[in-house]
Every structure is written in structure tokens, then in C-alpha cells.
Amino acid sequence: MNDLLSLLPEVREALRVGAPVVALESTIISHGMPYPTNVQTAREVEEIVRAKGAIPATIALLQGRIHIGLSSEQLDTLGRAKNVRKVSRRDLPIALVSGQMGATTVAATMFCAHLAGISVFVTGGIGGVHRRGEVTLDISADLMELASTPVAVVCAGAKAILDLPRTLEVLETHGVPIVGFQTDQFPAFYTRSSGLPVDVRLDDPADVARVMATKWKLGLAGGILVTTPVPEADAMDSREIDEVIEQSLEEANSLSLQGKDITPFLLKKIVERTEGRSLATNVALVKHNADVGAAIAIAYAAQ
Ligand code: PSU
Ligand code: MN
């Protein structure tokens, strides 16, 4: 495995001594946000994790290896690059053999984090069941990864570009507990609530750590989804964002987009149509998630 995995020395040392480490994904850098906001945000997120007392490990594929933790220079290269491959689970072997630069999705980041021995991973929002997914079967590999890989994923729920009720149904089918961190309702990324319930509300990071430890002690496969809403001051108006999402979905339909290009297309359209206001919300929620995720990683390491 050593020829495929490359750990930043700081991350390797933290894992060796059992110090808290927080994994971070890279598709949000390459396909989720424009340059230079992407690199700026990635750096700030790492700083937030550090300030809390955990070690950040941004995960990406460079020169045929899975990098667990990126140097400042590598982060910048990834954020500026144009031909970065979006790497989900199925793309991992292909991208590694090709040597192409690859940005890992939630699914691939979970898998790589687990390979390295990291239990907590912070992202913005997860992929899910797309609208009309019951016909198209377009269901993000993120959900199957949550079903099988033992990592806690901290996020602000999922965007309403998806079919959120069906997304929660699939997670239930696969036995993925959904924790609301200081919330009773599943957050809808740009807004604080989707109106859908979570499985349990937990207000203390130590309680989240106990649920993680208990699930895995039982030998139950798969991860845990920890959702936390965007801070009130940064949330968007739900009518405005709903309208923008509808327009963006119509545009995607009219272009007959398919497969892995759909999500990045929608993310880009939403930023354009809100003239960057959705991007500011996105940045704010990722930073908040980093703070929560670091607290959970610290609590988990303390057990
Ligand atoms: N949803 C977001 N922001 C993102 C993504 C999804 O709000 O950046 C990215 C994540 O990397 C996620 C991936 O894992 O898109 C899901 O893509 P797909 O739907 O093709 O599985
Ligand atoms: Mn898909």
C-alpha cells in the first residue's frame, strides 16, 4: 500500500500517537468553488481545525498517489489546475494508474481517510439521490460509501438540488445513523432546515464520539452522518435559493447532462445565478463544519 499512499509527516505523526486528525475533501476545491475562493477557503478550514487542536488532512490524488494531507504548495496547485479529475470510488484505480491530478468526492475521501486510519471527515454537503432518481437511478456513490466505510462525515446536510426525502430513505436502508448536531432537523445546506427529522439530536461532541465508538464496537459496517446547520447569520433566504435551484435544474435538464457532470454543473450555476451570495454561504458553512468536526475528532481521540 505504501507505494499508493503518501502521508504528510505531520499527519503520519498525529496518527501514530493517536492525536485527533480531520480529513477534508478536495472536490469542493476543484469542482465546488471557483479559484481563488477555493484555495483561500481550504486554507482557512485547515486553520480552524488547527486552532481547535486537531490536525487537518486534505485528501487528493497527485502523481499516481493518494495524498493524505497536502502542503500549502500542493493545495495551491490543485486549486489552480484546470484538468482535475473528479474522483469518486469507481475512479480511484483509474485515476491512480493515469497519474492525473484527482480531487476526491465524499465517497472517495471517506475511503482514503479510512485507509489512513482517520475516523472524522469534514465536508460541505454530501451527494445523494437526485431528483427523479427513482427513474434515472442517479444516486451518489457517497451514500453507498456511508453504508460501508466506518468514518463520521460532518456536513451541513445536502442541497435541495437533490431529492432529500429519498436521500434519507436510502441512508436508512443502509443503516447510516443521522445525527443532528445541535439541531432536530436535517439541514438543507444553504438553509438551516429541510423540514425533515434527524435520527437523534446531540448537543455535545462527546456524545457524537460515543455513538461512533458504539456503532463500530458492535461491528456495524459503515459510517455516521453528522449534520450541522449553516450559522443563522450566513443562511440564505429559502425562497430565493429554491427558485435558483429550480432554474438551474431546468437548465441541466435542457442540456441533457448526465452522470458525474451534473453535480458540478449545478454547483456552478447556483453560484452564478446568486452572483456569489451562495458561495459566501458555502464558505461560511464549511468553516462552521470544520469547527464542529475538529471538536468531534478531539472527543473521539480522548475516548
Ligand atoms: N454537493 C455539494 N458540494 C459539493 C459536492 C456535492 O453541495 O462539492 C461534491 C462532493 O464532493 C460530493 C460530490 O461527494 O460532489 C457528489 O457528486 P455525485 O453527485 O456525482 O456523486
Ligand atoms: Mn451521479
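Numbers here simply count residues along the sequence, with the first being 1. Worth knowing before you read on, the calculation uses all heavy atoms, side chains too, and leaves out hydrogens, waters and symmetry mates. Read the numbers this way: they start at 1 and go in the same order the structure lists the ligands and their atoms.
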Could you tell me, atom by atom, which parts of ligand 1 come under 4.0 Å of a heavy atom of Glu25? 10 (C), 11 (O)
Nearest non-hydrogen protein atom to atom 2 (C) of ligand 1, with distance, is Lys159 NZ, 3.1 Å
Do Glu25 and Thr105 have side-chain N/O donor and acceptor atoms under 3.5 Å apart? no
Exactly one of Val22, Val21, Val106, Leu24 clears side-chain contact (heavy atoms from CB on, under 4.5 Å) with Phe121, and that residue is Val106
Charged N to carboxylate O below 4.0 Å: is that the case for Asp91 and Arg89? no
Taking heavy atoms and a distance under 4.0 Å, where does Leu267 meet ligand 1: side chain, backbone, both or neither? side chain
Against heavy atoms of Phe189, which atoms of ligand 1 measure under 4.0 Å? 7 (O)
Output the atom name for the N/O/S atom of Asp138 with the smallest distance to the Mn ion (ligand 2). OD1
Heavy-atom nearest pair, Ala252 first then Leu266, reads CB-CD2, 4.0 Å
Out of Ser140, Ser88, Gly157, Ala158, whose heavy atom is nearest to atom 21 (O) of ligand 1? Ser140
Just to confirm my output: which protein heavy-atom neighbour is closest to atom 1 (N) of ligand 1, and how far is it? Gly125 O, 3.8 Å
Part of Lys86 within contact of ligand 1 (heavy atoms, under 4.0 Å): side chain
Identify the closest protein heavy atom to atom 15 (O) of ligand 1: which residue and atom is it, and at what distance? Thr263 CG2, 3.6 Å
Applying side chain to side chain contact (heavy atoms under 4.5 Å, CB included), run through Leu202 and Gln182 and close with a yes or a no. CA-CA 6 Å; Leu202 299 174; Gln182 298 175 351; over 6 Å; no
All heavy atoms of Leu70 vs all of Ala60, minimum pair found to be CD1-CB, 4.1 Å
His130 side chain to Thr136 side chain, donor-acceptor N/O pair below 3.5 angstrom: no
So is His130 touching ligand 1 or not, going by heavy atoms under 4.0 Å? yes
Sub-3.5 Å N/O-N/O distance, Thr104 and ligand 1: no
Among all the protein's non-hydrogen atoms, which is closest to atom 9 (C) of ligand 1, and how far away is it? Thr27 CG2, 4.1 Å
Relative to ligand 1, is Asp142 under 4.0 angstrom through side chain, backbone, both or neither, heavy atoms considered? side chain
Applying a 4.0 Å heavy-atom criterion (strictly less than), which segment of Val106 is in contact with ligand 1: side chain, backbone, both, or neither? both
Ignoring hydrogens and angles, tell me if any N or O in the side chain of Arg65 forms a donor-acceptor pair with the backbone of Leu4 under 3.5 Å. no
Hydrogens and angles aside, do Glu44 and Gln40 bring a side-chain donor and acceptor to less than 3.5 Å of each other? yes
